[in-house]
Structures are given as structure tokens and as C-alpha cells.
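So you know, we letter chains A, B, ... as the sequences are listed, proteins then strands, and number each from 1.
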Amino acid sequence: MLKAAGKVYRVIGPVVEAEEVTFLRMLDMVEVGQEHLVGEVVRLKDDKAYIQVYEDTTSLKAGDIIYTQGFPLYVELGPGLLGNIYDGIQRPLEVLREKEGFYINRGVHVSALDRKKKWHFKPLKKEGNYIKAGEVIGEVQETLLIKHRILVPPDANGKIKWIANEGEYSLDEKVALLTGKDSEKEIFMYQKWPVRRPRPYGQRIPISEPLITGQRVIDTLFPVGKGGCVVVPGGFGTGKTVVQHQIAKWSNADIVIYVGCGERGNEMTDILLNFPKLIDPATKRPIMERTIFIANTSNMPVAAREASIYTGITIAEYYRDMGYNVALMADSTSRWAEALRELSGRLEEMPLEEGFPAYLPSRLAEFYERAGRIKTLNNDDGSITIIASVSPPGGDFSEPVTSHTKRFIRCFWALDRDLANARHYPSISWVDSYSEYIEDVKDWWHKNVDKEWLSSRYAIMELLQKEQRLLQIVKLVGPDVLPHRQRLILETCSMFKNTFLQQSAFDKIDAYSSSRKQFLMLKSILKFYEKSDGLIKKGINISEIKENPIYQELTRMRFKYSESEEDLAKMAGLPSEVERSLGELEF
Amino acid sequence: MKEYNLREYVGLQEITGPIFIIRNIHNVGYNEIVEIVDDEGKSRLGITLEVGKGFAVVEVMGGTRGLAIKNCKVNFKGKPLLMGVSEEVLGRVFDGLGDPLDGMPRPVYDEMINVNGLAINPVSRDYPENIIETGISSIDVMNTLVRGQKLPIFSGSGLPHDLIGTQIARQAQVKGESFCVIFVAMGVKYDTARFFQKSFEESGVLERVAIFLSLADSPSIERLLTPRIALSCAEYLAFKKNMHVLVIMTDMSNYCEALREVSTIRGEIPARKGYPGYLYSDLASIYERAGMIKGVKGSITQLPILTMPNDDITHPIPDLTGYITEGQIVLEREMYNRGIYPPIAGLPSLSRLMKDNIGKGLTREDHPSLASQLFACYAHVKDVRALASIIGEEELSALDKLYLKFGEDFEKKFLSQGYTERRTLEEGLDLGWDIISSLPAEELFRIREEDMKKHYKKKQ
């Protein structure tokens with residue numbers, strides 16, 4: 001029910017000050033003016049309210065009426081989310097296009113989920129069962145890949161008085177009736193949830209499994225656990241977006257939510273045209289069946305950009321509550337922080353560093369704490385992994401957004417301008433990046449891939465450290481004067497960088513490497529180093545080692561071996577082949 | 001749709017810089033146009049920056065010089081700023097607010113468009129494809145410009161960005177389709193504006209160019225509108241008339257300065273270097289108007305030119321621009337001082353959309369690998385030069401000496417090109433092969449076998 005709740009007093013860009021306010025509560029959603037522009041109450045003072053408006057405020061004037069429904073800003077959660085693309089306040093962009101043409105007009109109200117579409121509902125509980133909030137009452141095959149579990153909303157519980165039979169229902173039809181202590185509650189296949197309030201869960205559990213992204217530098221050197229938080233900072237042109245895209249495409253999360261927050265329109269177009277063609281390597285289904293997009297490009301209203309991150313994480317929590325592992329990409333949180341700064345400026349709040357408001361760190365903390373691995377109310381395991389990019393001005397990592405974000409995350413993939421200029425992609429620096437999840441995920445690697453994973457990782461990291469020091473010398477005197485054992489370190493690291501750390505996002509085979517392939521590549525390179533080091537000690541020249549056919553073989557392995565069982569089996573023999581081939585030099 | 005109410009008030013409350021406050025008014029909308037008539041009867045335009053109960057803050061386009069508190073009349077038009085658009089704008093010269101400067105009458109308008117534009121729905125966008133040939137090899141071969149792309153030129157004061165801008169406007173071609181250029185000059189000096197106009201007239205391309213000039217001495221606020229007015233014309237030509245429009249905007253730094261000036265006068269909280277916190281959003285509202293739309297033949301390509309203060313690429317203006325645009329072309333002072341024109345830096349320049357739009361069936365099949373190889377070799381040249389400056393050129397290996405020679409040729413023959421020289425993409429590629437052939441075949445590891453056979457001519 002829409003009722004009038006006040007009048008516009010002042011319009012300052014995307015912020016509206018209202019007077020003669022009644023009924024309004026903090027963070028209530030409102031509609032402003034004749035065109036019913038969507039907004040949210042962000043401050044109340046006496047009979048005045050400050051409202052941030054999610055649409056362009058041109059032509060609003062003093063005296064225009066403000067309406068409210070008495071709800072906070074919410075999202076609709078139910079079947080039909082997957083494969084969809086929304087703006088920052090969950091308006092489906094496809095529907096907007098059909099209604100309004102190729103520009104986004106103001107004051108268009110459409111529901112996020114298609115109410116007419118029929119879904120095949122299968123009850124999992126019987127009449128007479130007692131059921132609690134968050135439990136699964138039935139399921140819907142949302143896409144061929146994902147079963148959508150219908151959850152009892154967090155504010156309901158009781159005895160099932162009636163439940164629908166298996167069959168086709170639309171979202172407007174109720175599927176169950178609960179009797180509580182003194183009231184009855186109808187259960188639909190969808191529910192509403194305010195975006196700024198985290199959804200409830202059972203309890204947190206420790207992270208134990210890595211999110212396998214298929215990107216070698218990430219999985220092997222700087223892994224992230226399912227339920228963890230990563231930040232990817234990098235100046236423009238360093239490939240933040242490509243890293244995000246690669247993870248969205250290849251990671252082994254069940255559900256991927258991609259929030260394009262204040263970024264380029266053409267990037268979203270690129271995703272929307274390319275993703276439907278991609279097939280997930282594990283399930284062999286189109287990855288669109290597990291992906292949801294939130295697109296609030298840089299030229300769309302700034303307040304909706306601020307909301308887009310929350311819209312994304314709330315949807316992520318909903319799928320987490322069904323027991324799925326969800327990965328949320330946020331590209332880029334700097335644009336979100338800038339939206340926060342802009343709105344704060346319009347509210348005439350006291351600015352801190354670089355004009356950001358004082359509550360920037362606490363907003364960041366609130367957001368990142370919504371990630372994690374949990375037991376759901378239904379006692380399943382679910383997780384949300386956040387992979388957030390940051391666009392530091394001038395590539396300076398000491399700026400407020402990057403430095404505050406670092407306090408709330410445990411994994412840091414620093415993108416390096418020099419690597420990007422040398423077209424070394426992904427340009428994740430092995431010097432500045434870190435991951436605190438290594439100890440959490442090592443058991444998984446040892447159990448599922450190889451017991452030597454951790455020691456191999458440390459071995460190569462040590463070589464890379466040594467190389468750093470040697471390169472300082474090379475810069476001054478050239479590589480030729482170094483002793484052969486040290487030149488071998490340079491050669492090995494250069495091979496490791498060219499064949500392992502570099503990974504082409506556009507090559508069919510190279511774009512994705514399974515954990516097994518990654519380990520075999522790493523092991524073969526380490527084997528090459530150990531064996532060659534032994535040979536050099538025996539007086540063999542490094543140029544002879546480089547002429548050995550195995551050297552060429554190793555540099556080509558990333559393109560040569562696909563993910564087929566056959567190729568991986570062949571690859572498994574590679575470390576011993578290195579041993580044998582180099583062994584021939586001894587005679 | 002909305003009732004049209006024209007109301008006139010007399011007298012203001014306060015004037016500061018280009019802004020005034022007026023009280024005791026009502027029913028005035030945010031971001032709408034205002035006509036102000038001073039006591040001499042001259043009128044100027046303004047826009048409401050903030051409206052409230054009984055007051056409005058208005059920004060005056062023509063500047064507030066000569067306005068008095070008491071006598072001036074203020075008309076609220078009740079609508080946002082509209083720009084009349086038609087195909088007749090081509091071949092004409094306008095001032096920063098869209099009024100003719102060439103002494104001829106206003107073009108007959110087909111339509112009135114809100115200059116602020118609307119955001120394109122991301123799902124309606126089409127991914128940019130097909131290239132625009134600029135006739136400059138360092139762009140066409142190395143940093144290809146694609147229809148619907150926004151590719152800025154990062155320059156510095158004293159560098160020849162104006163020459164490059166006009167050269168592109170003169171030479172750019174889109175094969176077999178209707179093509180036009182909209183040239184927007186913001187805060188440029190009179191001499192520069194004259195130079196633009198003259199060079200278009202002389203080369204006979206004026207009939208496909210529309211020029212918008214906001215000179216350095218016109219009020220800075222006018223500059224905030226000039227690109228929006230020009231882009232409204234571009235949108236009409238591209239999306240209604242199916243033309244391919246190249247919008248060249250120079251100098252975006254002047255635009256940003258104007259934005260900072262207005263923001264400071266309004267007493268807004270500054271972010272970096274005094275620029276307002278919304279500089280990114282504001283630039284995006286201009287740059288994001290480039291693009292292509294599904295089902296529409298035309299396109300808008302943007303080539304904004306900006307001078308980096310102190311040649312500093314981390315300055316907020318180039319930095320935020322780089323975050324929005326799809327790549328950048330960087331001019332290098334050191335190269336220009338060595339007499340290389342156009343001094344387009346090899347390594348920091350990048351066209352993000354190039355990879356999907358070159359190669360077999362699009363340009364020429366050897367284009368991607370040749371470009372990538374030229375890039376890699378030139379990157380190595382830089383390393384060799386650094387080493388040579390320490391140990392001396394004599395001490396370099398024979399191979400490295402070949403690289404030095406290659407570097408020399410690449411800069412002097414390939415990157416260098418006359419102001420009036422139009423080199424087709426084809427010619428550019430052949431020239432690239434000619435130069436890279438001075439390196440031994442084993443070094444060219446990024447080039448495919450077939451292309452090597454076809455184009456490589458061994459020289460040693």
C-alpha cells in the first residue's frame with residue numbers, strides 16, 4: 001500500500017531533502033514525485049528526512065509528494081534469478097529493454113522475478129510436519145544445473161497445515177500454509193529480504209576447501225578458500241576485469257554472482273555476449289545456468305551503484321542458505337566507495353582522507369563479513385567467497401579504499417603495472433601478493449592432488465625470491481658474468497614465469513588448468529631445476545641443458561596438454577621424463 | 001506530458017562567481033534551464049544546480065558579469081536544456097552552447113534532445129566491432145581504433161595532439177559506410193580554434209565535420225555543456241540516421257578544470273587535488289555515450305584528447321579517464337624531442353578492443369601476430385638501450401645490436417609519418433614486415449609459421 005509520507009523540500013543532485021515527514025523509518029524505501037523515482041531514507045532529523053534517489057532527479061521540485069510502502073529496500077528471492085541480468089536495485093534489464101527501448105528511462109517499475117512463468121514445484125515435507133525458518137520445504141529445478149530449494153522465510157515457522165502437490169505453479173500461487181502459535185502464514189516460492197540486513201544462518205565453520213579457479217598463479221601460489229575474501233587491486237589496464245571474468249567463467253563455485261559496479265558498459269556487453277557460449281568444464285553445462293549479473297555501469301545513477309553491492313550479496317546469501325558454494329565478484333568496490341563518498345558529500349557529512357566518509361571502513365567490514373562458510377538453518381554447508389577488485393587512483397595501494405580493505409580480507413592479489421606493460425597476464429605480482437588460506441586448504445590439496453603440494457609451492461617461492469635478488473645484479477652487469485648455478489635459477493624462474501604464471505585467457509587449452517595439471521607442471525619445472533643443478537655441479541654447461549629437447553617440451557606444456565584423462569596421464573610421466581632426458585647429459 | 005509553465009521573477013538574493021541564489025520562488029525543477037535578462041535587456045542561459053522550497057541555486061552560462069541583484073529578470077523554463085539536432089549540423093561551426101558561429105542561420109531542427117542524454121541499457125549495447133582506419137600506422141597497426149570504442153589520447157602541453165587530432169579527423173575512413181566527424185574544442189585558444197577550422201576547410205572535409213568551439217575566454221561553465229551538446233548531435237546522427245560518428249574532444253583537462261571551478265564555488269567537499277568526488281561519474285556520463293546499439297547500424301566512437309598536467313599519468317584526470325575508456329594512446333615527450341611525429345609511445349599505449357577486431361576476415365590475417373611481435377621486439381629494444389647505457393653499445397652482443405638497429409628503424413620509419421601522409425593499414429602492415437625482417441627468424445616467436453613464410457624477407 002502506497003501512502004504519502006512527506007514533501008520534497010530541497011533537491012541536491014541524487015539526494016532529496018524531505019519535509020513534513022510522517023511514518024518514515026531509517027532505510028525505508030520511498031517513491032519520489034510524479035514519476036515515482038525509487039529512493040531510500042538515509043537520515044532523519046525532526047520532521048525532515050534525507051533520501052538518496054536511485055534515478056536521475058532532473059525536474060524534481062519542492063513540494064513534490066513522497067510516497068512510501070513502509071518497507072526497507074528489498075530484493076525478491078526465488079526461482080528465475082539465474083541467468084538474469086539486473087541493475088543495482090534489481091530491475092531486470094531485459095524487461096526494461098522490451099518495455100522502454102535501448103535507453104534506461106526513469107520511474108519504470110517492474111518486478112524482479114517473472115510472476116507469470118510456471119515452475120515445477122516438488123514438495124519435500126508433508127502436511128502435519130513441524131518446520132522452522134530456513135528449512136527446505138520443496139524444490140524447483142531452476143536450471144538443468146541448479147536445484148532451487150524453496151526455503152521457509154526467516155520470519156516463519158510452525159506446523160504445515162497444507163502443502164501443494166507436485167506440479168506447475170507460478171510465483172503468485174502459494175505452495176504451503178503454516179500455522180504458527182496464533183497466526184497462519186502463506187508460503188510462496190519467493191520471498192523478500194531487505195538488502196542491508198544479513199540473512200540469518202546456523203553457525204560459522206572453518207574454511208577447508210580451496211575455490212579452484214583454474215588460474216595457475218592463483219590456485220597454486222595464492223589460493224583462496226571457499227568462504228574467503230580476496231581483493232584484487234590494480235591500476236587501469238592491469239587486467240582486473242579479465243581476472244574477474246576468468247574466475248566467473250572457470251571457478252568451481254556452484255553459483256556465480258557478478259556485480260559490475262560502476263564499470264564500462266562495453267565490458268558488460270562483452271560478458272553478456274560471451275558467457276552464453278561458454279561451457280563449464282566440470283558439469284558440461286552452459287555457465288549461464290549458474291550465473292546472475294548485476295550491472296550498474298558508470299553512467300547509471302550513482303545511488304543505485306551504492307546499492308548494487310548489497311543486492312548482489314543478498315542474492316548470494318539466499319543461494320548460500322540453500323547449501324551452495326557461491327562466488328561473488330564485485331568489480332569494482334572503489335566505484336562503490338566513490339558512490340558512498342559522493343552521497344556523503346551531498347549529505348554534507350564531515351569528510352576524512354580524500355573526501356571519503358568516516359564510516360567507509362565500517363561499511364567495508366560489514367560487507368566483507370557477509371562472506372564465510374556456514375552451517376545453514378537447514379544444517380547444510382554453504383559458503384560465500386567474495387572476490388572484489390579495487391581501482392586505486394594512480395595505482396597507489398596506500399589510498400584509503402585499498403588500505404582499509406586489506407584489513408578485512410585474508411588474500412591479496414596485487415596486479416602489477418610493469419607485468420601488464422610487458423603483457424604478462426594475469427599480471428598478479430608474486431612479490432606483493434599473499435594468501436592466508438594456504439594452511440586452510442593444504443589438506444585438501446594433499447588429499448586430492450599430491451602430498452608434496454605445500455613443499456613444492458614453498459620451493460618455487462624460494463627460487464622466485466632468489467631470482468629477485470639476482471635480477472638486481474643482472475641489471476648492473478648483465479647475466480653473462482653470473483656463475484652457472486645462479487644462471488640456472490634465472491632460467492628456471494623465467495621458464496616458470498613464461499609457462500606457469502602467464503596464462504592466456506583467450507587460448508582454448510590454456511584458459512583453464514585443473515589442480516592436477518597445475519601440480520604436474522610445477523613438479524616438472526622443479527624437477528628440471530634439481531636435476532640441472534646437479535648436472536652443473538658436475539661441470540656441465542648451462543647452454544647444453546638449454547639445448548636438451550626436454551627444455552622445449554617444458555616451455556610448451558601449457559598449450560600441449562589438455563584436460564582430457566589421456567593427456568593428463570601422459571603428463572603424469574613428465575617429471576620422470578625430465579629426469580631421464582637430462583640424465584643423458586651425464587655421459 | 002508535463003504542463004508548460006513559464007514564470008518570470010525579478011531580483012536575486014546573492015551572486016558568487018558564476019552562481020546566483022534566488023528566493024521567493026516556487027515550482028522550479030532541478031537541473032532545468034533558466035533564462036536571465038540583465039538590465040540592458042541582454043539574455044543569458046542558466047541551469048538550476050539545487051532547488052528547494054522557495055529558493056533555487058542557478059549556474060549562469062554566460063557568466064554573471066553585469067548582473068545586478070535588483071533589476072535582473074529570471075525566467076524558469078520548466079524543462080531541461082534541449083538541443084535541436086538535424087543532419088544539417090554537418091559542415092557547420094557552432095559555439096559552446098550550440099549557436100552558429102559561421103554567420104549562417106541556425107540549422108532547421110528535426111528534433112529536440114535533452115543534452116544530458118540517458119544511460120544506454122547494458123543489454124541493448126552491441127560489442128564494438130569493425131575498425132576505423134585513421135591512416136596513422138602507429139594507431140591502425142599497433143593500437144587499432146574500433147567503431148563504438150572510446151580511446152583517449154594522453155598528451156602533454158607542447159606536444160602535437162592538435163595536429164594528430166586534425167590529422168585523424170581528415171584521414172579517418174570507414175569502408176563503404178556513411179561517416180562523419182564531430183569536433184569539440186573546449187577551452188582552446190583562439191589560434192588553435194582557427195587552426196582547426198582552417199585545416200578542415202583546406203583539406204575539403206568540412207562538409208562531413210561539425211565543429212563546436214568553446215574558446216578559452218568564454219565562461220568556464222559553458223564547457224560543461226559543450227561536450228553534452230555535441231554528443232546529443234552525435235547520438236542523433238548515429239542512432240537515428242545510421243551514421244558512424246567519430247567524436248574528437250579536446251581538451252578534456254579544460255573540461256575537468258571547469259568542473260572543479262564550479263564545484264569549489266558551490267562549496268562542495270573536494271576529493272583528490274580539489275576535484276569533486278563525482279569526477280569519475282561525471283566523466284563516465286560523457287565517455288559512456290560512445291558505443292553501438294543492437295539493431296542500429298550507426299555508432300559513436302570517441303577520441304578524447306587530454307593534456308596530462310606535468311606529464312603525470314597518475315593525475316586524477318588521465319587516471320579516471322583511463323578507468324573508463326577502453327585503452328589509451330600516450331604521447332611521449334622524449335620521442336617528440338627526437339623529431340618523431342606522431343610521438344605515440346609504444347609500451348603504455350593500448351587498445352583494449354583491438355584483439356577481437358583484427359585478423360582474418362577483419363583486417364589481415366597476419367595483423368595480430370605482427371602487432372604482438374613488433375610490440376615484444378620494441379619492448380626488448382628498451383631493455384637493450386638501458387643495458388647499452390651502462391655497459392656501452394660496443395659491449396652488446398651481435399643480436400642486441402640488431403635489436404638497436406630495429407628500434408631505430410621502427411621509430412624513424414614506422415612510427416614516424418608526415419602530417420599529410422595517409423598510410424593505409426595494408427601499407428602499414430607491409431612496412432612493419434619490412435622492418436621486422438631485419439631481425440633473425442628465430443627471434444620472432446610470436447608469429448605464426450604461415451605468416452612467416454608469406455611475409456618475412458630475410459635480410460642478414
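Proximity to chain B (any heavy atom under 4.5 Å) is shown, for A:Phe293, by neither the backbone nor the side chain. Proximity to chain B (any heavy atom under 4.5 Å) is restricted, for A:Arg305, to the side chain, taken from C-beta onward. The contact between A:Thr57 and chain B is made by backbone and side chain atoms together, counting heavy-atom distances below 4.5 Å. With a 4.5 Å cut-off on non-hydrogen atoms, A:Glu342 touches chain B through its side chain but not through its backbone. For chain B, the nearby part of A:Leu273 is the side chain; its heavy atoms alone come within less than 4.5 Å. Of the atoms belonging to A:Val302, it is side-chain heavy atoms, and not backbone ones, that fall under 4.5 Å from chain B. Of the atoms belonging to A:Arg264, heavy atoms from both backbone and side chain fall under 4.5 Å from chain B. Residue contact with chain B, scored on non-hydrogen atoms closer than 4.5 Å, is absent for A:Glu399. Both the backbone and the side chain of B:Val51 come within less than 4.5 Å of a heavy atom in chain A. In this structure, chain B has heavy atoms under 4.5 Å from both the backbone and the side chain of A:Pro392. With a 4.5 Å cut-off on non-hydrogen atoms, B:Pro316 does not touch chain A at all. Within the 4.5 angstrom heavy-atom criterion, only side-chain atoms of A:Leu272, from C-beta onward, approach chain B. For a residue to count as touching a neighbouring chain, one of its non-hydrogen atoms must lie under 4.5 Å from one of that chain's; by this rule B:Tyr280 touches chain A with the side chain only.
Between the side chain of A:Asp270 and the backbone N or O of B:Tyr127 there is no donor-acceptor pair closer than 3.5 Å. With hydrogens and angles disregarded, a donor-acceptor distance shorter than 3.5 Å links the side chain of B:Asp319 to the backbone of A:Gly394.
Between the side chains of B:Glu32 and A:Ser59, at least one donor-acceptor pair of N or O atoms lies under 3.5 Å.
Ion pair B:Lys53/A:Glu19 flagged as a salt bridge, since at least one NZ, NE, NH1 or NH2 atom sits closer than 4.0 Å to an Asp/Glu carboxylate oxygen.
Among B:His26, B:Gln149, B:Arg125, B:Glu326, the residue with the largest count of heavy-atom pairs under 4.5 Å with chain A is B:Arg125. Your options are A:Ala62, A:Pro301, A:Ser298, and the one with the most heavy-atom pairs under 4.5 Å with chain B is A:Ser298. Interface check for chain B: of the options A:Pro351, A:Ser391, A:Gly395, A:Gly345, the most heavy-atom pairs under 4.5 Å are formed by A:Ser391. Your options are A:Ser344, A:Gly265, A:Gly355, A:Gly63, and the one with the most heavy-atom pairs under 4.5 Å with chain B is A:Gly265.
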Between B:Leu118 and A:Asn105, is a side chain to side chain contact (heavy atoms under 4.5 Å, CB included) present by the stated rule, with each step listed?
CA-CA 7 Å; B:Leu118 286 165; A:Asn105 284 315; 3.2 Å; yes
Evaluate the criterion side chain to side chain contact (heavy atoms under 4.5 Å, CB included) for residue pair A:Lys61 and B:Tyr30; output intermediate values, then yes/no.
CA-CA 6 Å; A:Lys61 38 175 94 79; B:Tyr30 168 71; over 6 Å; no
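Interatomic distance, OG1 of B:Thr314 versus CZ of A:Arg417, reported as 10.5 Å (0.5 Å rounding). In this structure, A:Glu100 CD and B:Ser124 OG are separated by 11.0 Å, a value rounded to the nearest 0.5 Å.
Judged by the 6.0 Å and 45° rule, A:Arg335 forms a cation-pi pair with B:Tyr323.
Counting heavy atoms from C-beta on, the side chains of B:Pro122 and A:Glu267 never come closer than 4.5 Å.
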